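All values below come from the heavy atoms of this structure, side chains included, with hydrogens, waters and symmetry mates left out. Here the structure is a predicted model, which means the values were calculated and not measured. Sequence positions, counted from 1, serve as the residue numbers for this chain.
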Amino acid sequence: ENGYIGVIFFVVIVIYIFVKASVLKRNNQSDDDIIWINYVRILSIINLILFFYNDSLRGIYTSFFIGILLSVIFIKKRAN
């Protein structure tokens with residue numbers, strides 16, 4: 001989050017997670033999985049907004065919690 005490289009990495013990772021969730025939503029038919037996928041998609045959009053307009057993503061506890069929630073998409077992909 002320091003400098004241009006940190007901003008670029010953060011934005012690219014969040015956009016990558018959003019795209020990965022969108023692709024996984026197209027290939028998945030389970031209602032339980034789609035709930036988690038939609039949750040990750042919404043959270044990634046909120047993260048982009050909060051990154052530029054709020055400093056709450058830099059907090060000690062919130063950053064780990066958001067990271068765990070965004071990793072759900074990779075866990076669901078591995079389970080399938």
Side-chain angles (χ1 to χ4, degrees):
E1 68 190 35
N2 292 330
Y4 291 119
I5 294 175
V7 170
I8 290 170
F9 276 151
F10 183 82
V11 170
V12 166
I13 288 171
V14 172
I15 290 173
Y16 174 74
I17 289 173
F18 180 81
V19 170
K20 194 79 149 166
S22 299
V23 169
L24 195 59
K25 184 179 179 184
R26 268 189 257 139
N27 298 335
N28 203 334
Q29 300 299 326
S30 172
D31 290 336
D32 190 36
D33 289 346
I34 290 179
I35 290 170
W36 281 104
I37 291 168
N38 285 335
Y39 180 70
V40 168
R41 291 175 68 199
I42 292 169
L43 187 63
S44 63
I45 293 170
I46 291 172
N47 279 341
L48 281 177
I49 294 169
L50 288 179
F51 179 76
F52 291 107
Y53 294 110
N54 194 353
D55 63 348
S56 65
L57 294 179
R58 297 181 193 119
I60 295 171
Y61 303 111
T62 57
S63 60
F64 290 120
F65 183 65
I66 290 172
I68 290 169
L69 292 177
L70 288 177
S71 68
V72 168
I73 197 70
F74 297 105
I75 295 168
K76 289 293 180 185
K77 182 180 182 246
R78 184 174 286 188
N80 292 336

Next on the checklist: Please find the pair of heavy atoms, one from K25 and one from I37, that lie closest to each other, and give the distance.
Outcome noted: CB-CG2, 3.7 Å
Next on the checklist: Rounded to the nearest 0.5 Å, what separates atom CZ in F10 from atom CG in L48?
Outcome noted: 6.5 Å
Checklist entry - Distance from N38 atom CG to L43 atom CG, nearest 0.5 Å? => result 12.5 Å
Checklist entry - Any side-chain heavy atom of V72 sitting closer than 4.5 Å to one from Y39? => result no
Checklist outcome for this item: Between A21 and V40 the two heavy atoms that sit nearest each other are CB-CG1, 4.4 Å
Item to check | same_hphob_cluster(I34, L24) at 4.5 Å side-chain heavy-atom cutoff | outcome: no
Checklist entry - Between V14 and I49, is there a shared hydrophobic cluster once you connect ILVMFWY residues whose side-chain heavy atoms come closer than 4.5 Å? => result yes
Next on the checklist: Between Y4 and V12, is there shared hydrophobic-cluster membership here, with clusters defined by ILVMFWY side-chain heavy atoms closer than 4.5 Å?
Outcome noted: no
Checklist entry - Side chains of F74 and I17: does their closest heavy-atom pair fall under 4.5 Å? => result yes
Item to check | Beyond-backbone contact of L70 with N47, side-chain heavy atoms, under 4.5 angstrom | outcome: yes
Item to check | Distance in Å, N27 CG paired with S22 OG, rounded so as to fall on 0.5 Å steps | outcome: 11.0 Å
